[in-house]
Amino acid sequence: MLEHLTISESESLVMEVLWTRAPQTADEIAAALGPANNWQDATIKSFLSRLLKKGAIRAEYEGRRYLYSPVLARADWVDAQSRSVLDRLFGGRVAPLVAHFSEREALSRDDIAELRKLIEKLDK
């Protein structure tokens, strides 16, 4: 399944651009990512090539350029990545993950309020 693809951090930035708006040309993607990351056009094209080979995106030829679109849905990828972290670090359990962040005072009052709402919703 596509959501289990290994996508590097840099490739995920390209995917985020495409998940936000697609289709896009390589030039549009480079304009969105290149300056902030100090990437050349060739670097962006390399990422696009890798993502095409992995099947995460598709390219359609239009005129004299390719238009890139995601094949992999963001929600599916986020779910797979989240499950991977839970499995690797917390034995597949959510409670130890929340405990980890609460012990490090990384939960804001808003986070705690949202967690309470989620628990109440799950209890119903």
### Query
Glu28 side chain to Thr25 main-chain N or O, any donor-acceptor pair under 3.5 Å?
yes

### Summary
Nearest heavy-atom approach of Asp111 to Leu107 is OD2-CA, 3.7 Å

### Task
Please indicate whether Gln40 has more than 12 foreign heavy atoms, meaning atoms of other residues, nucleotides or ligands, lying under 6.0 Å from its CD.
no

### Message
With a 4.0 Å cut-off on N to O distance, would you call Asp79 and Arg83 a salt bridge?
### Response
yes

### Query
Roughly how far, to the nearest 0.5 Å, is CG of Leu115 from CG of Leu122?
10.5 Å

### Message
Is it the case that over 12 heavy atoms from other parts of the model lie below 6.0 angstrom from the CZ atom of Arg88?
### Response
yes

### Task
To the nearest 0.5 Å, tell me how far Phe101 CZ sits from Arg104 CZ.
9.0 Å

### From Leu97 atom CG to Ser102 atom OG, the distance as rounded to the nearest 0.5 Å
9.5 Å

### Query
Where the side chain of Thr20 meets the backbone of Glu16, is there a donor-acceptor pair that is under 3.5 Å apart?
yes

### Tyr66, OH atom: more than 12 neighbouring heavy atoms under 6.0 Å
no

### Task
To the nearest 0.5 Å, tell me how far Tyr68 OH sits from Gln24 CD.
12.0 Å

### Min side-chain heavy-atom separation Leu51-Met15 under 4.5 Å
yes

### Query
Is there a donor-acceptor pair closer than 3.5 Å between any side-chain N or O of Asp123 and the backbone N or O of Glu120?
no

### Message
Please find the pair of heavy atoms, one from Ala30 and one from Asp41, that lie closest to each other, and give the distance.
### Response
CB-OD1, 3.4 Å

### Message
Can you classify the ring geometry of Trp19 versus Trp77 as parallel (below 30°), tilted (30 to 60°) or perpendicular (above 60°)?
### Response
tilted

### Message
What's the separation between atom CD1 in Ile57 and atom OG in Ser69, rounded to the nearest 0.5 Å?
### Response
8.5 Å

### Query
Just wondering, do Arg65 and Asp27 contact through their side chains at under 4.5 Å, heavy atoms?
no

### Query
Looking only at heavy atoms, which two atoms of Thr6 and Lys54 are closest? And how far apart?
O-NZ, 2.7 Å

### Message
Under 4.5 Å between side-chain heavy atoms, counting indirect links through other Ile/Leu/Val/Met/Phe/Trp/Tyr residues: same cluster for Val94 and Ile119 or not?
### Response
no

### Message
Side chains of Pro23 and Glu60, heavy atoms from C-beta outward: is any pair under 4.5 Å?
### Response
no

### Query
In terms of side-chain geometry, is the basic nitrogen of Arg116 or Glu114 positioned less than 4.0 Å from the acidic oxygen of its partner?
no

#### Entry: Leu48 versus Val14, closest heavy-atom pair with distance
CD2-CG1, 3.8 Å

### Query
Is any side-chain heavy atom of Ser82 less than 4.5 Å from a side-chain heavy atom of Val85?
no

### Query
Any donor-acceptor pair under 3.5 Å linking the side chain of Gln81 with the backbone of Val78?
no

### Query
Can you find a pair of side-chain heavy atoms, one from Leu52 and one from Phe47, that are under 4.5 Å apart?
no

### Message
Quick check: closest heavy atoms across Ile7 and Ala56, and the distance to 0.1 Å?
### Response
CD1-CB, 4.4 Å

### Query
If you round to the nearest 0.5 Å, how far is OG of Ser46 from CH2 of Trp39?
10.5 Å

